[in-house]
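Read through the structure below, which is laid out as structure tokens, and then see the notes.
In what follows, chains carry the letters A, B, and so on, assigned in the order in which the sequence lines appear, proteins first and then strands, with residues in each chain numbered from 1. Quick note: numbers below take in every heavy atom, side chains included, and nothing from hydrogens, waters or symmetry partners.
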2 protein chains.
Amino acid sequence: MTLEKTPKPTESELEILQVLWQQGPSTVRVVHEELSKNKEVGYTTTLKLMQIMAEKEMLEVDKSSRSHIYHPALEEEKTQQQLLGRFLDAAFRGSASKLVMQALGNSKTSKAELDEIRNLLDKLEGGSK
Amino acid sequence: MTLEKTPKPTESELEILQVLWQQGPSTVRVVHEELSKNKEVGYTTTLKLMQIMAEKEMLEVDKSSRSHIYHPALEEEKTQQQLLGRFLDAAFRGSASKLVMQALGNSKTSKAELDEIRNLLDKLEGGSK
DNA sequence: TTCATTTTACGAAACCATTCGTATATACTT
DNA sequence: AAGTATATACGAATGGTTTCGTAAAATGAA
């Protein structure tokens, strides 16, 4: 059985992952331009970061054309789940309900989304009746 | 109007804050012993961290007795709110409902807690009925 | 082919959190 | 008072991320 790593992307790495999850496989330039919308950053900085991420096996690279094409080696949902687990413990001492209450209380969430959540609640409570 | 900082405790700093939030004002020794339950760490390391946190004004210190007594300068809920906001953006691109669904789906939350959440949903949706 | 543009490669610097050794101060014990 | 234990103070080493300058390679244009 292969040793399962638990990748822990840094903040900058996560920004890059988000771009790639959203846009699909992309060149450094595309990622860099996307990041530049939110903050000042040098091209080679982005490049270096993505190269390091590839070394760490968080990204995979297609080097067949001159402009290498990167894509995430991590699934978005799995990664979110891991990050969430850590964050839950670190910030809310593991209390999921506290986290959920604060998340709902402090963000304008659409009625449709609230309904979706309510459905999930029904399913969860139904099972334990 | 005073300039409002947005403190960004690191992981280690957050661990210390959690102890202080939970136990109330404490000496370095008490905090250190609490931390030691979960991981190996030297006493002076904890001391130094807490001193740095005091410099950053995340903690306040009562130096009137030999063993200084530290307490958080930050409110637990406010801090959680800020951390949650950042985390939400970084990990879930701002989608609170996605975060909530994953948090609920992947943690055993008691019926009482689920009901509490349902109540909140009622209140939130009630307004738009 | 020559020149300009774009890309990757490499390495070093800057920065920051974390760790801890050692020194010094304070209080307690006998 | 002398010795022991416990506390704080200080400074430096470590380790990791982030940043970017510079060079080399690949491509495209004139």
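Residue-environment remark: CD (A/Q23) exceeds the threshold of 12 foreign heavy atoms within 6.0 Å.
Counting non-hydrogen atoms under 4.0 angstrom, B/S12 reaches the backbone sugars and phosphates but no base. Within the nucleic acid shown, A/L49 comes within 4.0 Å of sugar-phosphate atoms alone, with no base atom in reach, counting heavy atoms only. At a threshold of 4.0 angstrom between heavy atoms, the contacts of B/K8 with the nucleic acid are absent.
Rounded to an integer number of Å, the gap from B/I16 CD1 to C/dT18 C1' is 11 Å. The CE atom of B/M50 sits 15 Å away from the P atom of C/dT19 (whole-angstrom rounding).
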Distances under 3.5 Å between nitrogen or oxygen atoms of protein and nucleotides 8-13 of chain C:
from   : atom 1 : to    : atom 2 : distance (Å)
C/dT8  : OP1    : A/H68 : N      : 2.8
C/dT8  : OP2    : A/Y43 : OH     : 2.9
C/dA9  : OP2    : A/Q51 : NE2    : 3.0
C/dG11 : N7     : A/K48 : NZ     : 3.1
C/dG11 : O6     : A/K48 : NZ     : 3.1

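Between B/E11 and A/R86, none of the side-chain N atoms (NZ, or NE/NH1/NH2) sits under 4.0 Å from a carboxylate O, so this pair counts as no salt bridge. Salt-bridge annotation for B/E15 and A/R93: absent, with no side-chain N of the basic residue lying under 4.0 Å from a carboxylate O of the acidic one. Taking the charged nitrogens against the carboxylate oxygens, A/K8 and A/E13 have no contact shorter than 4.0 Å, which rules out a salt bridge. Between B/K111 and B/D115 there is a salt bridge, since a side-chain N of the basic residue sits under 4.0 Å from a carboxylate O of the acidic one. Salt bridge annotation for B/E33-B/K37: absent, with no cationic side-chain nitrogen under 4.0 angstrom from a carboxylate oxygen. Salt bridge absent: A/E113 and B/K98 never bring a charged side-chain N and a carboxylate O closer than 4.0 Å.
Checked by atom type and distance alone, the side chain of A/Q80 never pairs as donor or acceptor with a backbone atom of B/F92 at under 3.5 Å.
When the nearest nucleotides of DNA chain D are assigned to A/S65 and A/T10 by heavy-atom distance, the more 5′-ward of the two goes with A/T10.
In the 5' to 3' direction, nucleotides of DNA chain D lying under 4.0 Å from heavy atoms of chain B begin and end at D/dT6 to D/dG11.
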